[in-house]
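Notes for the one structure printed next.
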Amino acid sequence: MRPPRHSQQSGTNRHLLDMMLEQFGPSLYLANGPDVSFLGFPYPTRMAVARLSDGTAWIWSPIELTAELADAVQAVGPVCHIVSPNKLHHLFLKQWVERWPEARVFAPPDLARKRPDLRFDGTLGDMPDPRWAADIDQVVFRGSFAMEEVVFFHRASRTAIVCDLIQRFPSSYLTGLKGLLVRLDGLAGDRGSTPRDWRASFLRRGPARAARRTLLDWQPERLLIAHGVCAPADATRIIRDALRWI
């Protein structure tokens, strides 16, 4: 796939795009960032960049911003939309907002209250913003007293984009006690799922079941996740198995 044509785009920018971003599907890229600590565990970070049909770039769960990553993302298209999928994925938002102050920034439920220092242009719901509705659909997994997550579907690549709701760490990623806890939590290998403590927080399963039906009705072929191994094929089956607990 070629990035949108910009008069100022150079071979250097194209090289940066190829070096910093991995193409996951048509008009969809991912980038991996450094690990961050969460409850004592080293969590890898990953973001997605979609080139919309109008040529602009849509950013999901932005990772730590570097000059090289900024140039690569800009080669995909002008950054116009930045979204956080749940209230935990906000650590690097400020860097991106400062780099692209003209971009519209969208928060998941509860994040705006958690980060009053950030400017948000809207709260994500079940209906996609009209500016990306032609390319990306979305649904909110509700029913948890702890956290709600917004899941997206990129139509051109038929990719479900899931943040913390499905985690699939390689069995070899963690060793010792931490590795054992990850495996006991059902987050390791191809059968990775949702952390058990988060599952328990869904006191009302009906809204989550409705969201799962929507997600499966999209019949995604690919699965892009923030933590663990993505799936380039068979995504609908993987998602059905991972979210069977709902």
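Quick caveat: nothing in here was measured; it's all calculated off a predicted structure.
- The backbone N or O of Pro44 lies less than 3.5 Å from a partner atom in the side chain of His227, making a donor-acceptor pair.
- Nearest heavy atom pair, residue Arg142 against residue Gly125, reads NH2-CA, 4.4 Å.
- Ring centers of Trp132 and Phe106: under 6.0 Å apart, within the cut-off.
- Residues Phe141 and Leu88 fall within the same hydrophobic cluster, defined by Ile, Leu, Val, Met, Phe, Trp and Tyr side chains chained together at heavy-atom separations under 4.5 Å.
- Partner Leu165 forms a side chain to side chain contact (heavy atoms under 4.5 Å, CB included) with one of Leu215, Ile225, Asn86, Val151 and no other, that one being Val151.
- Summarising the geometry, atom CD belonging to Glu98 is positioned 11.0 Å from atom CZ belonging to Arg119; distances are rounded to the nearest 0.5 Å.
- In the hydrophobic clustering of this structure, Val139 groups with Trp198; members are Ile, Leu, Val, Met, Phe, Trp, Tyr whose side-chain heavy atoms approach within less than 4.5 Å, directly or through other members.
- Judged purely by atom type and a 3.5 angstrom limit, Thr236 has no side-chain atom pairing as donor or acceptor with the backbone of Leu216.
- The closest side-chain donor-acceptor pair between Asp164 and His89 falls under 3.5 angstrom.
- With hydrogens and angles disregarded, a donor-acceptor distance shorter than 3.5 Å links the side chain of Arg155 to the backbone of Ala133.
- Taking hydrophobic clusters as Ile, Leu, Val, Met, Phe, Trp and Tyr residues chained together by side-chain heavy-atom distances below 4.5 Å, Ile238 does not share a cluster with Phe152.
- Salt-bridge annotation for Arg212 and Asp217: absent, with no side-chain N of the basic residue lying under 4.0 Å from a carboxylate O of the acidic one.
- A donor-acceptor contact shorter than 3.5 Å is absent between the side chain of Arg244 and the backbone of Ile239.
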| request: Could you go through the side-chain contact (heavy atoms from CB on, under 4.5 Å) check for Trp96 and Lys94 one step at a time? | output: CA-CA 5 Å; Trp96 289 73; Lys94 188 173 182 180; over 6 Å; no
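- Proximity of Trp60 to Leu28: side-chain heavy atoms (C-beta onward) are nowhere separated by under 4.5 Å.
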| task | Before giving the answer on side-chain contact (heavy atoms from CB on, under 4.5 Å), spell out for His154 and Ser27 the whole-Å C-alpha distance, their side-chain angles and the decisive distance to 0.1 Å. | result | CA-CA 9 Å; His154 182 249; Ser27 301; 4.2 Å; yes
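- Between the Arg104 side chain and the Ile82 main chain, no donor and acceptor come within less than 3.5 Å of each other.
- Nearest approach of Gln167 to Pro195, heavy atoms of both residues: NE2-CG, 3.4 Å.
- Partners of Ala31 under the side-chain contact (heavy atoms from CB on, under 4.5 Å) rule, at least two apart in sequence or in another chain, are Leu21, Met47, Ile63, Leu69.
- Glu149 contributes a side-chain N or O that, together with a main-chain N or O of Cys163, makes up a donor-acceptor pair within less than 3.5 Å.
- Residues Lys87 and Lys114 approach most closely at O-NZ, 3.3 Å, considering heavy atoms.
- Val229 and Leu224 are not part of a single hydrophobic cluster, where members link through side-chain heavy atoms under 4.5 Å apart.
- Partners of Phe92 by ring-ring contact (aromatic ring centres under 6.0 Å, His included), not counting sequence neighbours: none found.
- Applying the salt bridge (Lys or Arg N to Asp or Glu O under 4.0 Å) criterion to Arg115, with sequence neighbours excluded, gives Asp117.
- Taking 4.5 Å as the limit, some side-chain heavy atom of Cys230 sits within range of a side-chain heavy atom of Phe24.
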| Test side-chain contact (heavy atoms from CB on, under 4.5 Å) applied to Thr45 and Asn32, step by step | CA-CA 6 Å; Thr45 56; Asn32 295 309; over 6 Å; no
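- Scanning both residues, Pro62 and Leu93, for their nearest heavy atoms gives CG-CD2, 3.7 Å.
- Every residue two or more places apart in sequence or in another chain that forms a ring-ring contact (aromatic ring centres under 6.0 Å, His included) with Phe153 is listed here: Trp218.
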| Full working for side-chain contact (heavy atoms from CB on, under 4.5 Å) between Val83 and Leu124 | CA-CA 8 Å; Val83 304; Leu124 296 165; 4.2 Å; yes
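- Of the inter-residue distances, the one linking Thr123 atom OG1 with Leu111 atom CG reads 9.0 Å to the nearest 0.5 angstrom.
- Two residues are said to be in side-chain contact when any heavy atoms from C-beta on lie closer than 4.5 Å; Glu22 and Tyr29 fail this criterion.
- One hydrophobic cluster, built from ILVMFWY side chains closer than 4.5 Å, cannot hold both Ile136 and Ile59; they sit in different ones.
- Arg199 and Asp197 are not joined by a salt bridge, as no carboxylate oxygen comes within less than 4.0 angstrom of a charged side-chain nitrogen.
- At least one donor-acceptor pair closer than 3.5 Å links the side chain of Arg222 to the backbone N or O of Ser157.
- What you find for Gly77 and Ala57 is that their closest heavy atoms are O-CB, 3.5 Å.
- Grouped with Phe145 in one hydrophobic cluster are Leu203, the linkage being side-chain heavy-atom contacts under 4.5 Å among Ile, Leu, Val, Met, Phe, Trp and Tyr residues.
- The backbone N or O of Val140 sits less than 3.5 Å from a side-chain atom of Asp126, completing a donor-acceptor pair.
- A salt bridge links Asp241 with Arg237: the closest approach of a Lys/Arg side-chain nitrogen to an acidic carboxylate oxygen falls below 4.0 angstrom.
- The closest side-chain heavy-atom distance from Leu243 to Trp245 is below 4.5 Å.
- Residues satisfying the side-chain contact (heavy atoms from CB on, under 4.5 Å) test with Glu221, not counting sequence neighbours, are Arg158.
- Panel note: side chain Thr214, backbone Ala210; a donor-acceptor pair is recorded below 3.5 Å.
- Using a 4.5 Å cut-off on side-chain heavy atoms (C-beta onward), Met147 and Ser201 make no contact.
- With a 4.5 Å cut-off on side-chain heavy atoms, Met20 and Thr66 count as touching.
- The shortest side-chain heavy-atom distance between Pro85 and Ser61 falls under the 4.5 Å cut-off.
- Between Asp54 and Arg131, no side-chain nitrogen of the basic residue sits less than 4.0 Å from a carboxylate oxygen of the acidic one, so the salt-bridge criterion is not met.
- Taking all atoms of both residues into account, the shortest heavy-atom contact from Arg46 to Ala226 is CB-O, 3.6 Å.
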